[in-house]
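Values below: every heavy atom of this structure, side chains too, minus hydrogens, waters and symmetry copies.
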Amino acid sequence: MAKEQICKNVSYVGVSHYDRRLFDALIPTPEGTTYNSYLIQGSQKTALIDTVEPELKHLFLNNLKSASLSQLDYVISNHAEQDHSGCIPDILALYPDCKLVTNQKCKELLLTLMPQIPQDRIIVVKDRETLDLGGKTLEFILTPWIHWPETMMTWLQEDQILFPCDLFGSHLAVSDIFTNDLCLFYEPMKRYYAQIMMPYRIQVSKHLKTVKSLNPQIICPSHGPVFKNPSIAISLYEEWVDEPPKNKVLMPWVSTHGATARMAEHLTQLLTEAGIIVAPYDLTRADLGRVAGELVDSATIAIGTGCILTGAHPLAAYIALLVGALKPKAQFAALFGSYGWSGTKIPIQISSLLQGLSLEILPPVFAKGAGTSETIAELDNLSKSIIERHRSLNLF
Ligand SMILES: [Fe+2]
Ligand SMILES: [Fe+2]
């Protein structure tokens, strides 16, 4: 994507990575992503906000070239992660008078990751410090944990444009950075939130209030679409961050010989008949990004697992570990499955991976082999327990 104008003297110069299929070697990105970089030209000085993933450096430098940039005075680093900072050394080499502007914590991280950055070219800014470009004033707002501990936002005062880096990002490669089609960006934005922001929900909630108090006219995140109508992005985040979970059960399951699959089907039927939304995923073929997205607003996580040797299936253990890492707002967990000659430690194994969360773990249902009528009765009781818990939260 070439240079695009956001408003007078503010341009998008980032790149789309259409083929990126995995982020942080963790979450699939079936629709790619973008690395957003912005150019702000004041009457005196010019600043670049963030850079791009070094793999696409050639496209980024082309965009800067097409912007006919003879001089660059500042490169602002809102976040030290490589997808935004990785081309900073190239920018400093290309523009010998350019200074790197960032906060103290970000400076330390940048130097750890890229020790070749010359320290005497770094300007350290404090919370709410400003930088005047000539009719364009940049204000730096320290917002730790909108991904990493060093993250900050840049606020362009005159145009009321917020550059919040990863906050409000979407993993969506677009040819039109201004796309405002909610059907296009909703799922990529939710998947992004689940992986990057959900683990820091408490901090994000606090920073959302700061964003609202600024009343931005445009939000320019570091991935995916630019929001010329910021209320869409803000209200989605308010729902995901602050509102109670939905009347929904996320049910990732894995079955070795079919018994756990039948239990998942039975449980799904009981819960849907009661009016609960159920999102079942066979872990042998599920897109983990979608599973992570469902974690955002599910009230219950029901994990089903078959047995491998005498323990839980590794895919079930993996999903429990992922839930533990992403810290969703779910309040209840249910465990079910089947085993062969021995599998009594399976519920303990999975429960231990969920221990860091404030989840009520309901009595597990595990059957030997195909199970019996007693198994069906236990599943009926489990579904009743889930329905009762959801009622207690007024989710119906
Ligand atoms: Fe990040
Ligand atoms: Fe990022």
Any link between [X] and [Y] through a network of hydrophobic side chains (Ile, Leu, Val, Met, Phe, Trp, Tyr) touching at under 4.5 Å?
X	Y	result
Leu94	Leu72	yes
Val124	Trp148	yes
Tyr35	Leu113	yes
Met189	Leu26	yes
Ile319	Ile348	no

query = Should Asp24 and Ile196 be marked as a side chain to side chain contact (heavy atoms under 4.5 Å, CB included) after you check the CA-CA gap, both sets of side-chain angles, and the distance that decides it?
reply = CA-CA 10 Å; Asp24 289 346; Ile196 306 290; 4.2 Å; yes
Pairs where [range] contributes a residue and the test side-chain hydrogen bond (donor to acceptor under 3.5 Å, both in side chains) is met, not counting sequence neighbours:
range	result
residues 160-171	Thr33-His171, His79-Asp166, His84-Asp166, His147-Asp166, Asp166-Tyr192, Asp166-Ser222, Asp166-His223
residues 275-284	Tyr281-Glu294, Asp282-Thr284, Asp282-Arg285
residues 368-387	His266-Asp380

key: Under 4.5 Å side-chain linkage, directly or through intermediates, the cluster mates of Leu309   = Ile308
query = In the hydrophobic clustering that connects Ile, Leu, Val, Met, Phe, Trp and Tyr at side-chain heavy-atom distances below 4.5 Å, which members other than Phe332 occupy its cluster, ordered by chain and number?
reply = Leu393, Leu395
On a heavy-atom basis, which atom in [X] and which in [Y] lie closest, and how many Å separate them?
X	Y	value
Asn103	Glu150	ND2-O, 3.0 Å
Leu182	Leu236	CD1-CD1, 4.0 Å
Ala80	Cys106	N-SG, 3.7 Å
Val249	Ile386	CG2-CG2, 3.9 Å
Ile387	Phe396	O-CE1, 3.7 Å
Ser175	Glu4	O-OE2, 4.3 Å

Which pairs of donor and acceptor atoms, one on a side chain in residues 251-258, lie under 3.5 Å apart (sequence neighbours left out)?
residue : atom : partner : partner atom : Å
Ser255  : OG   : Gly258  : N            : 3.0
Ser255  : OG   : Thr260  : N            : 3.4
Ser255  : OG   : Ala261  : N            : 3.2

Judged by atom type as modelled, is there a donor-acceptor pair below 3.5 Å linking the side chain of [X] to the main-chain atoms of [Y]?
X	Y	result
Arg121	Pro96	yes
Arg191	Pro28	yes
Thr130	Glu139	no
Lys329	Glu243	yes
Glu31	Thr29	no
Asn36	Gly14	no
Ser205	Arg201	no

Non-hydrogen side-chain atoms of [X] and [Y] separated by less than 4.5 Å:
X	Y	answer
Gln104	Lys107	yes
Pro216	Val211	yes
Leu214	Ile141	yes
Asp83	Phe23	yes
Val75	Val101	no
Asp159	Ile218	no
Leu156	Thr154	no
Leu69	Thr46	yes

Rounded distance (nearest 0.5 Å) linking atom [atom1] of [X] with atom [atom2] of [Y]:
X	Y	atom1	atom2	answer
Met153	His207	CE	NE2	7.5 Å
Leu56	Ser16	CG	OG	9.0 Å
Ser351	Leu335	OG	CG	5.0 Å
Leu250	Ile277	CG	CD1	12.0 Å
Ile91	Ser85	CD1	OG	12.0 Å
Leu315	Leu283	CG	CG	6.0 Å

ask   = Can a donor-acceptor pair be found between the side chains of Gln269 and Glu273 at a distance below 3.5 Å?
value = yes
remark   = Contacts of Glu158 meeting salt bridge (Lys or Arg N to Asp or Glu O under 4.0 Å) (sequence neighbours excluded), chain-then-number -> none
For Asp297, all residues meeting salt bridge (Lys or Arg N to Asp or Glu O under 4.0 Å), sequence neighbours excluded = Lys190, Lys246, Lys248
message = With side chain to side chain contact (heavy atoms under 4.5 Å, CB included) as the criterion, how do Ile202 and Trp145 come out once you've worked through the C-alpha distance, each side chain's angles and the decisive distance to 0.1 Å?
response = CA-CA 10 Å; Ile202 291 165; Trp145 302 109; over 6 Å; no
task = Determine, step by step, whether Lys228 and Asn180 satisfy the side chain to side chain contact (heavy atoms under 4.5 Å, CB included) criterion, reporting the C-alpha distance in whole Å, the side-chain angles of both residues, the deciding distance to 0.1 Å, and the verdict.
result = CA-CA 8 Å; Lys228 284 195 165 177; Asn180 61 2; over 6 Å; no
request  = Apply side chain to side chain contact (heavy atoms under 4.5 Å, CB included) to the pair Met197 and Ile146, showing each step before the final yes or no.
outcome  = CA-CA 6 Å; Met197 296 297 156; Ile146 48 175; 4.1 Å; yes
query = What residues, two or more places apart in sequence or in another chain, satisfy side-chain hydrogen bond (donor to acceptor under 3.5 Å, both in side chains) together with Gln71?
reply = Asp73
ask   = Residues two or more places apart in sequence or in another chain: which of them pass side-chain hydrogen bond (donor to acceptor under 3.5 Å, both in side chains) with Lys327?
value = none
ask   = Mind checking whether Tyr237 and Phe168 have parallel, tilted or perpendicular rings, split at 30° and 60°?
value = tilted
key: Qualifying ring-ring contact (aromatic ring centres under 6.0 Å, His included) pairs, either residue in residues 38-74, two or more places apart   = Tyr12-Tyr38, Tyr38-Phe163
task = Run the salt-bridge test on Arg20 and Glu55 with the 4.0 Å N-O cut-off and return the result as yes or no.
result = no
Show the atom names and distances, to 0.1 Å, of all donor-acceptor pairs under 3.5 Å that link a side chain in residues 356-367 to residues at least two apart or in another chain.
residue : atom : partner : partner atom : Å
Glu360  : OE1  : Arg389  : NE           : 2.9
Glu360  : OE2  : Arg389  : NE           : 3.2
Glu360  : OE2  : Arg389  : NH2          : 2.8

